[in-house]
Amino acid sequence: MSAPEGYSFEDLKPILPVFLTYVLSFIYVGIYWNNHHHLLQAVNKVNGKILWAKLNLLFWLSLFPFATDWMGKNHFEDNPTAIYGIVLLMAALAFKILVYCVIQNEGKESNIGKVYSKDKKLNLSPLLYLIGVVSSFFLPIVSLTIYLGVALMWIIPDRRIEKTIKD
């Protein structure tokens with residue numbers, strides 16, 4: 001995000017969409033950061049699969065600036081909004097893969113296995129992102145609403161993990 005050439009508040013109007021997408025992406029990075037740390041605090045041991053799953057998640061998160069910039073600079077047009085949603089979808093799937101690898105390593109009966117084995121948010125998020133991607137070609141504002149809704153679902157780290165850590 002670049003600062004405008006002018007000095008008035010009116011000069012900020014053209015970059016407002018870029019700023020809003022930046023804020024949404026920052027919230028997403030914060031959510032992944034918090035949930036990633038929460039997850040790994042409850043893990044007893046890490047193996048190579050988990051490390052590669054973490055790298056996969058990092059790759060998709062690294063695409064947030066590109067997707068954010070493109071969508072914001074093009075005022076939420078359909079293709080950039082779809083790409084943004086695809087990046088969100090892939091990050092959600094990468095987090096799901098990470099959780100799967102942790103459960104595989106820790107065991108289904110582990111505390112973390114019990115928390116995430118049938119987690120509704122973990123399974124619902126990719127579906128909502130997919131709906132958002134498809135709807136971006138018809139009503140991009142609906143996509144943005146879905147993307148924001150998923151972010152709000154995840155904004156508070158899972159308290160079940162906090163209980164697991166205390167046990």
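Rounding to the nearest 0.5 Å gives a distance of 10.5 Å between CG of Leu139 and CG of Asp78. Here the NZ-CZ distance, from Lys121 to Phe95, works out to 9.0 Å after rounding to the nearest 0.5 Å. From Ile27, atom CD1 reaches atom CD1 of Ile155 across 5.5 Å, with rounding to the nearest 0.5 Å.
Under the side-chain contact (heavy atoms from CB on, under 4.5 Å) criterion, Pro126 pairs with Leu89, Ala92, Leu93, not counting sequence neighbours. Listed by chain and number, the residues in a salt bridge (Lys or Arg N to Asp or Glu O under 4.0 Å) with Lys120 amount to none (sequence neighbours excluded). Judged as a side-chain contact (heavy atoms from CB on, under 4.5 Å), and not counting sequence neighbours, Pro14 has no contacts. For the side-chain contact (heavy atoms from CB on, under 4.5 Å) test, residues two or more places apart in sequence or in another chain that qualify with Asp11 are Pro4, Ser8. In this view, Tyr147 satisfies the side-chain hydrogen bond (donor to acceptor under 3.5 Å, both in side chains) rule with no residue, not counting sequence neighbours. With sequence neighbours excluded, no residue forms a salt bridge (Lys or Arg N to Asp or Glu O under 4.0 Å) with Glu5. Considering only residues two or more places apart in sequence or on other chains, Leu152 meets the side-chain contact (heavy atoms from CB on, under 4.5 Å) condition with Leu148. Listed by chain and residue number, Asp69 satisfy the salt bridge (Lys or Arg N to Asp or Glu O under 4.0 Å) test with Lys73 (two or more places apart in sequence, or in another chain).
A continuous path of ILVMFWY side-chain contacts below 4.5 Å connects Ile156 to Leu122, so both sit in one hydrophobic cluster. The hydrophobic cluster containing Tyr7 does not contain Leu12, counting ILVMFWY residues as joined when their side-chain heavy atoms lie under 4.5 angstrom apart, directly or transitively.
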Sequence neighbours excluded and cut-off under 3.5 Å, please list the side-chain donor-acceptor pairs for residues 80-87, or say none.
{"residue": "Thr81", "atom": "OG1", "partner": "Phe76", "partner atom": "O", "Å": "3.3"}
{"residue": "Thr81", "atom": "OG1", "partner": "Glu77", "partner atom": "O", "Å": "2.7"}
{"residue": "Tyr84", "atom": "OH", "partner": "Ser25", "partner atom": "OG", "Å": "2.9"}

For residues 131-138, dump all side-chain donor-acceptor pairs below 3.5 Å to protein atoms at least two apart in sequence or in another chain.
{"residue": "Ser135", "atom": "OG", "partner": "Ile131", "partner atom": "O", "Å": "3.1"}
{"residue": "Ser135", "atom": "OG", "partner": "Gly132", "partner atom": "O", "Å": "3.1"}
{"residue": "Ser135", "atom": "OG", "partner": "Ser143", "partner atom": "OG", "Å": "2.9"}
{"residue": "Ser136", "atom": "OG", "partner": "Val133", "partner atom": "O", "Å": "2.5"}

Hey, can you pull the donor-acceptor pairs under 3.5 Å for the side chains in residues 52-63, sequence neighbours left out?
{"residue": "Lys54", "atom": "NZ", "partner": "His36", "partner atom": "NE2", "Å": "3.0"}
{"residue": "Asn56", "atom": "OD1", "partner": "Trp60", "partner atom": "NE1", "Å": "3.2"}
{"residue": "Ser62", "atom": "OG", "partner": "Phe59", "partner atom": "O", "Å": "2.5"}

Could you go through residues 96-105 and list every donor-acceptor pair under 3.5 Å that involves a side-chain atom there, pairing it with any protein atom two or more places apart or in another chain?
{"residue": "Lys96", "atom": "NZ", "partner": "Asn123", "partner atom": "OD1", "Å": "2.1"}
{"residue": "Asn105", "atom": "OD1", "partner": "Asn47", "partner atom": "ND2", "Å": "3.0"}
{"residue": "Asn105", "atom": "ND2", "partner": "Lys45", "partner atom": "O", "Å": "3.0"}

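Between His37 and Trp33, the ring-plane angle classifies as tilted under the 30° and 60° cut-offs. Ring pair Tyr28/Tyr129 is tilted by interplanar angle, where 30° to 60° counts as tilted.
In terms of heavy atoms, Ser125 sits closest to Val150 at OG-CG1, 3.7 Å. Residues Phe64 and Leu88 approach most closely at CZ-CD2, 3.7 Å, considering heavy atoms.
Using a 4.5 Å heavy-atom threshold, the side chains of Met153 and Leu124 count as touching.
Without hydrogens or angle criteria, Lys114 side chain to Lys108 main chain gives no donor-acceptor distance under 3.5 Å. Judged by distance alone, the side chain of Glu106 and the main-chain N or O of Ile112 form no donor-acceptor pair under 3.5 Å.
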Query raised in the report: Checking side chain to side chain contact (heavy atoms under 4.5 Å, CB included) for the pair Tyr116/Asp119: CA distance, chi angles, key distance, verdict?
Result: CA-CA 5 Å; Tyr116 275 120; Asp119 188 72; 3.9 Å; yes
Query - Evaluation steps, side chain to side chain contact (heavy atoms under 4.5 Å, CB included), between Leu20 and Leu24 - result: CA-CA 6 Å; Leu20 292 175; Leu24 182 59; over 6 Å; no
Query raised in the report: Given Asn34 and Ile31, is the side chain to side chain contact (heavy atoms under 4.5 Å, CB included) satisfied, shown in steps?
Result: CA-CA 5 Å; Asn34 287 336; Ile31 288 168; over 6 Å; no
